[in-house]
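For reference, the structure is listed below as structure tokens.
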Amino acid sequence: MKIVVLTGAGISAESGVPTFRDADGLWEGHRVEEVATPEAYDMAPSTVHRFYDARRSALLMVQPNAAHHALARLEEALGDDLLVVTQNIDDLHERAGSRRVLHMHGELLSALCRACDGRVRWDSDLVDLPPCPGCGVTELRPDVVWFGEIPYGMDRISVELARADLFVSIGNSGAVYPAAGFVQQALRYGARTLELNLEPSDGTPWFHEARHGRASELVPHWVEELLGTAQSAS
Ligand code: BV8
């Protein structure tokens, strides 16, 4: 069985990473869309850098939770038949042991050079405009996809959605596109669709089944169920 799992801010909420809905989408009085855009960066790069520098240093204080660990266990069992596509820019999936993770909105622990397009692992601040280790130019920006920018890996995601037997959404509000459209895409290719979320989302009507509750309980239970049945079948 080929499975594509889409995760959003809800899967990291219990680890202490604030969701976008938590702060009503506000950050220091800014609408998130106002600081997470290329225009905002051109206008006030230091404001945008402080936004991401704060989230990057906060990431060092949090740990993966039971939902992240359950998906890592599922990858052990399914191998290449599982792909986790995440809207999250944190590294909690990888810290839980997942390897097949596609960060469609980028990563906090990566910097992108606007001069040479080089990428470099980065775990400290960018606000003081450090030189790019590749070309030496001080044009490093957070390696995240801002509103109005094209998400990463869209071609790969379309191929995997077309092949999926099961599409599972975990901790997504269904408010941000193109991720919010993946369930319809998967449905069109005949996949079964399952939502695991704290509450109904904008996408709930598109799911064959929706289970509402906390990811740290729903995801381990769903994985045991899947693997449990898998064991009895073999
Ligand atoms: C693009 C990185 C063109 C930066 C992010 C169509 C219609 C309308 C608008 C658009 C449209 N198409 C494009 C747009 C514009 C825009 C958009 O969608 N705007 C919205 C606001 C209307 N989209 C774009 O600009 C995208 N680019 O479209 O380019 C294109 C497209 C395709 C192909 C070619 C070209 C780029 C969007 C990416 C922006 N960057 N992040 C950063 O992180 O700072 S988006 C950011 O917000 C996150 O990455 C995430 O994607 C989104 C937040 O959504 P969620 O993850 O769902 O989180 P949220 O807080 O909303 O909800 C949490 C959920 O969890 C809730 O449901 C809650 O109930 C649940 N929950 C909470 N606790 C728990 C829980 N569940 C379980 N357990 C718990 N404990």
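Small disclaimer: the values here were computed from a predicted structure and weren't measured. In listed order, ligands and their atoms are each counted from 1.
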Review point. Can an N or O of Leu196 be found at a distance shorter than 3.5 Å from an N or O of ligand 1?
Key: no
Revision key, fill the gap. Exactly one of Asp143, Asp123, Asp91 clears side chain to side chain donor-acceptor pair (under 3.5 Å) with Ser110, and that residue is Asp143
Review point. Would Leu194 and Leu74 show up in the same hydrophobic cluster when neighbours are defined by side-chain heavy atoms closer than 4.5 Å?
Key: yes
Check your understanding: Cut-off 3.5 Å, side chains only: do Ser201 and Ser173 have a donor facing an acceptor?
Key -> no
Check your understanding: Above 12 or not: heavy atoms from other molecules or residues under 6.0 Å from NE2 of His208?
Key -> yes
Review point. Side chains of His93 and Glu75: is there a donor and an acceptor less than 3.5 Å apart?
Key: no
Practice item. State, without any angle test, whether His103 and Gln87 hold a side-chain donor-acceptor pair at a distance under 3.5 Å. Key: no
Point to revise | Where ligand 1 meets Gly213 - atom numbers and elements under 4.0 angstrom, heavy-atom basis | key: 77 (C), 78 (N)
Point to revise | Connected via hydrophobic side-chain network under 4.5 Å: Val223 and Leu82 | key: yes
Check your understanding: Taking N or O atoms only and a 3.5 Å limit, does Asn88 qualify as a polar contact for ligand 1?
Key -> no
Revision key, fill the gap. Atoms of ligand 1 under 4.0 Å from any heavy atom of Arg214, numbered from 1 in the order shown, are 78 (N)
Review point. Does the N or O separation between Val145 and ligand 1 drop below 3.5 Å for any pair?
Key: yes
**Study point:** ligand 1 contact on Leu198 by region, counting heavy-atom pairs under 4.0 Å
**Key:** both
Review point. Hey, which atoms in ligand 1 end up nearer than 4.0 Å to a heavy atom of Gly8?
Key: 56 (O)
Practice item. Measure Glu14 to ligand 1 on non-hydrogen atoms and call it side chain, backbone, both or neither using the 4.0 Å cut-off. Key: side chain
Check your understanding: Short question: side chain of Asp165, backbone of Arg192 - any donor-acceptor pair under 3.5 Å?
Key -> no
Study note, to complete from the structure: Per-atom filter on ligand 1: closer than 4.0 angstrom to a heavy atom of Ala13 are 73 (N)
**Study point:** Atoms in ligand 1 with a heavy atom of Ala175 nearer than 4.0 Å
**Key:** 20 (C), 22 (C)
Review point. Heavy-atom contact under 4.0 Å between Ala179 and ligand 1?
Key: no
Exercise for review: Assess Gly181 for proximity to ligand 1: is some non-hydrogen atom of it under 4.0 Å away?
Suggested key: no
Review point. If you measure from each non-hydrogen atom of Ala215 to ligand 1, which part falls under 4.0 Å: side chain, backbone, both or neither?
Key: both
Practice item. Using distance alone, determine whether Gln87 and ligand 1 share an N or O pair under 3.5 Å. Key: yes
Review point. What about Pro151: any of its N or O atoms under 3.5 Å from an N or O on ligand 1?
Key: no
Review point. Going by atom types only, do Thr204 and Trp206 share a side-chain donor-acceptor pair under 3.5 Å?
Key: no
**Study point:** N/O separation below 3.5 Å, Val144 to ligand 1
**Key:** no
Check your understanding: Lys2 versus Arg163: any side-chain heavy-atom pair under 4.5 Å?
Key -> yes
Review point. Any side-chain donor paired with an acceptor under 3.5 Å for Ser15 and Asn65?
Key: yes
Point to revise | Check: Arg55 N/O within less than 3.5 Å of ligand 1 N/O | key: yes
**Study point:** Enumerated ligand 1 atoms positioned under 4.0 Å from heavy atoms of Gly148
**Key:** 24 (C), 25 (O)
Review point. Counting heavy atoms only, which of Glu199, Glu107, His103 is nearest atom 68 (C) of ligand 1?
Key: Glu199
Point to revise | Option of least heavy-atom distance to atom 79 (C) of ligand 1 (set: Gly10, Pro178, Pro200) | key: Gly10
Practice item. Heavy-atom contacts with Ile89 under 4.0 Å: which atoms of ligand 1 show up? List them by number with element. Key: 42 (C), 43 (O)
Point to revise | Arg119 NZ/CZ over Tyr152 ring centroid, <6.0 Å and within 45° of normal | key: yes
**Study point:** Cation over ring face, Arg50 and Tyr52, 6.0 Å, 45°
**Key:** no
Review point. Among Arg211, Glu149, His105, which residue places a heavy atom closest to atom 27 (N) of ligand 1?
Key: Glu149
Review point. Are any of the N or O atoms of Ser201 closer than 3.5 Å to those of ligand 1?
Key: no
Practice item. Heavy-atom distances under 4.0 Å are what count here, so tell me which part of Ala67 touches ligand 1: side chain, backbone, both or neither. Key: neither
Practice item. Treating Ile, Leu, Val, Met, Phe, Trp and Tyr as nodes and any side-chain heavy-atom pair under 4.5 angstrom as an edge, say whether Val183 and Leu102 lie in one connected cluster. Key: yes
